[in-house]
Amino acid sequence: MLLDQIAVLANQAIKEAFGVRVSRVPLEFPQNRSFGDLTINGFMLARELKLPPAGIAEELARCIGGIGPIDSAAAVDGYVNLRLVPEAIFQGSIPQVLHDPDRFGTNEERAGKKLMVEYSAPNTNKPQHLGHMRTDFLGHSLSLILENAGAEVVKANLYNDRGTHICKSMLAYQRWGEGATPESSGKKGDHFVGDFYVLFEKRFKEERDAWIEANPDHYAAYRDKHGKDRKDRDVPEEKLRTKYAASFKDEYFDKVDLGRECQEMLLAWEAEDPQVRALWETMTAWVIEGMEKTYVDLGVSFDVVYRESETWQWGRAKVMEGLEKGVFYKRDDEAIEIDLRADKLDKKVVLRSDGTAIYVTQDIGTTIRKAEEHGLDGQVWVVGNEQIYHFQVLFKIMERLGYGWAEDLYHLAYGMVNLPDGRMKSREGTVVDADNLLTEVAGLATEEIKARDPTGEIPSDEMEHRARTIGLASLRFMLLKVSPKNDMMFDPADSVSFDGDTGARVLYAYARLRTMINDAADETPPDELDLTVLTHENERNLALSILSFSGTTARAARDLNPSVIASFLIELVRDLNRFYDRCPVLKEADEATRKARLGLCRAAAEVVRRGTQLLGMPLLDRM
RNA sequence: GCGCCCGUAGCUCAACUGGAUAGAGCACCUGACUACGGAUCAGGAGGUUCGGGGUUCGAACCCCUGCGGGCGUGCCA
């Protein structure tokens with residue numbers, strides 16, 4: 001590899017000039033290309049060499065200029081800006097890519113590690129929405145990025161298929177479903193069940209409001225207790241009402257028939273009541289069937305699927321072991337707890353006083369089981385940032401239990417997806433449904449394709465295929481280009497824009513390359529190309545962009561961050577478009593130049609393919 | 001109350017974790033060879049990086065403080 005070679009040369013120069021080798025040569029692509037092709041950061045070297053940066057840069061520039069692929073070196077403000085021999089840049093990129101495209105851009109960042117990535121973790125009572133799409137895409141892309149970094153990755157999903165929320169839709173169906181099925185109603189299973197979940201919430205609210213109406217004293221009591229804030233001022237009536245109503249969710253759930261029945265149903269489920277279980281089996285199967293269809297449409301997949309209905313009891317035995325080891329202790333009320341205050345966390349109950357499991361109990365069991373079953377070196381959870389505290393607690397518990405791999409557990413806490421008019425609330429129907437969104441975006445892509453196909457030659461099934469591919473790629477790219485940890489804004493109107501920094505632009509660039517390569521029908525082996533004819537700045541920049549791919553994939557793996565790949569693709573595509581604009585390929589008269597440029601195009605196409613592959617984006621040969 | 005996260009161009013986001021002149025896209029303005037596919041390219045305008053202190057050769061990034069927003073703080077998930 002060219003970059004490795006330069007790093008070695010630089011280190012030799014450092015040895016000659018300063019008498020010591022450095023642990024890592026800080027070789028970077030400069031943020032501004034006018035500085036040079038590559039740059040060595042003298043400030044970084046200064047730390048290790050304990051000498052002033054400017055002096056280091058000047059000395060190093062003197063030693064290294066003109067050696068091998070380095071054409072010239074200039075010391076500027078503590079940096080050593082390198083200008084490379086053009087042929088080295090092209091030889092270092094084009095044949096490198098073409099000889100083994102699938103190897104180009106792989107790295108050793110996670111070599112030999114076996115890792116599990118858990119993502120999606122849906123509730124099996126409603127269809128997926130935009131928020132799920134972020135974890136679906138992030139988790140899937142991350143798995144690909146880690147594999148590319150040498151890891152063996154197990155993609156895991158966990159269906160949250162038990163609990164109160166599941167009983168809600170079951171109860172609503174039991175009461176008002178009239179024996180309908182997804183087939184009889186013509187709905188996808190997850191949507192069918194989700195509608196009953198919404199219906200439950202609606203009816204529950206009605207019953208709750210009626211109950212409040214009939215029991216004014218109850219609200220009065222609540223007001224007496226919560227009506228003043230800490231500074232003894234009156235809480236505004238409207239706000240108090242809202243809080244009061246919200247408190248029904250748990251505290252007063254059993255005051256309303258529907259709520260009480262829901263709790264009874266959960267108990268019946270846990271007691272394995274055959275009727276309840278039968279209903280549960282049926283409805284869960286409907287949802288899962290619908291959901292798995294959505295996964296196919298989204299292009300995500302899993303190697304193993306856990307179900308909470310199976311895992312929820314796994315943690316008990318582990319908690320008991322921990323109790324014996326003294327990691328946990330039993331409180332007076334029989335609840336089992338851990339005190340994490342020494343680690344800046346709080347006390348946390350890990351098993352209820354009645355011996356039943358809670359969320360952490362389940363996760364304690366599942367985490368250990370996963371590690372043991374699959375012999376994992378580490379685990380990653382792609383879960384929203386509202387659960388940061390939960391994972392801090394979980395990881396600390398693993399550490400206290402003495403698992404060596406505890407330090408290789410990582411919560412990739414992604415931010416919320418907001419809409420222009422606020423946040424999504426499933427109860428208020430302000431969610432963006434995944435299936436609908438896919439269809440909608442595909443529809444808009446169809447318009448764009450038609451606008452470019454005035455003769456209407458594209459057959460309808462091909463049209464459908466292209467539209468869905470463009471739509472999916474656009475959504476993937478849009479959700480992945482933002483740094484995972486940050487909250488993001490999703491404007492549905494923008495999601496269908498095909499100009500600018502979009503997935504469609506990347507697809508377009510690729511399709512353009514493919515048709516060009518096809519039309520050329522030139523299979524000259526890379527070694528037979530005369531690359532010395534490539535002299536244009538735009539050719540050079542494109543090749544440099546290609547060279548930066550490996551560093552990018554390594555960084556993505558190191559930081560568990562797909563967005564750096566997205567940024568890379570945007571820059572690569574920009575360089576590509578600039579290249580096209582100034583450097584004719586098929587129309588080029590000189591045969592050697594035409595072949596060399598075509599080689600550059602073939603290499604670029606492979607890198608676009610590799611990059612999009614890591615984001616899980618589908619591609620098209622024609623658009 | 002306490003804890004964590006965030007605040008960068010009108011809008012949506014970057015900035016390789018402390019390094020050069022803070023960069024893209026959208027929107028706005030001006031241009032481009034009858035276009036190897038114009039879903040493009042060239043250019044313009046747009047910034048006190050929320051305010052105020054500090055740390056150092058150097059700060060959007062670290063520390064303190066104030067303001068604004070989000071999320072947590074369950075024997076819920």
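Throughout, a chain's letter reflects where its sequence line sits, starting with A, and its residues are numbered from 1.
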Residues 547-554 of chain A, side-chain donor-acceptor partners within the protein, below 3.5 Å, at least two apart:
residue, atom, partner, partner atom, Å
A:S548, OG, A:S545, O, 2.7
A:T552, OG1, A:S548, O, 2.8
A:T553, OG1, A:G105, O, 2.7
A:T553, OG1, A:N107, ND2, 3.1
A:T553, OG1, A:S550, O, 2.9

Distance, C1' atom - from B:rC28 to B:rG46, rounded to whole angstrom: 10 Å
When you compare B:rC76 with B:rA39, how far apart are their C1' atoms, in angstrom units rounded to a whole number? 47 Å
Inter-nucleotide C1' distance (B:rG1, B:rC63), Å rounded: 24 Å
For atom CZ of A:R260, is the number of surrounding heavy atoms from other residues, nucleotides or ligands below 6.0 Å larger than 12? yes
Are A:F35 and B:rA20 stacked, counting the six-membered base ring, centres under 5.5 Å, planes under 30°? yes
Verify the contact: side-chain N or O of A:Y508 to OP1 or OP2 of B:rA39, cut-off strictly under 4.0 Å; return yes or no. yes
Donor-acceptor pair under 3.5 Å: do we get one between A:T39's side chain and the base of B:rA20? yes
Paired and unpaired positions of RNA chain B as dot-bracket, Watson-Crick or G-U wobble under 3.5 Å, | denoting a partner strand: (((((((..((((.....[...)))).(((((.......))))).....(((((..]....))))))))))))....
A:E270 CD: over 12 foreign heavy atoms closer than 6.0 Å: yes
Check the phosphate of B:rG37 against A:R452, side-chain N and O only, distance under 4.0 Å to OP1 or OP2. Yes or no? no
Both A:R555 and A:N41 contact RNA chain B. Taking the nearest nucleotide for each, which residue is further toward the 5' end? A:R555
If only side-chain N and O atoms of A:N486 are considered, is one of them under 4.0 Å from the OP1 or OP2 phosphate oxygen of B:rC6? no
Integer angstrom distance from the P of B:rA27 to that of B:rC41: 14 Å
A:D581 (side chain) and B:rA32 (base): donor-acceptor pair under 3.5 Å: no
Is A:R505 close enough to B:rU40 that one of its side-chain N or O atoms is under 4.0 Å from OP1 or OP2 there? yes
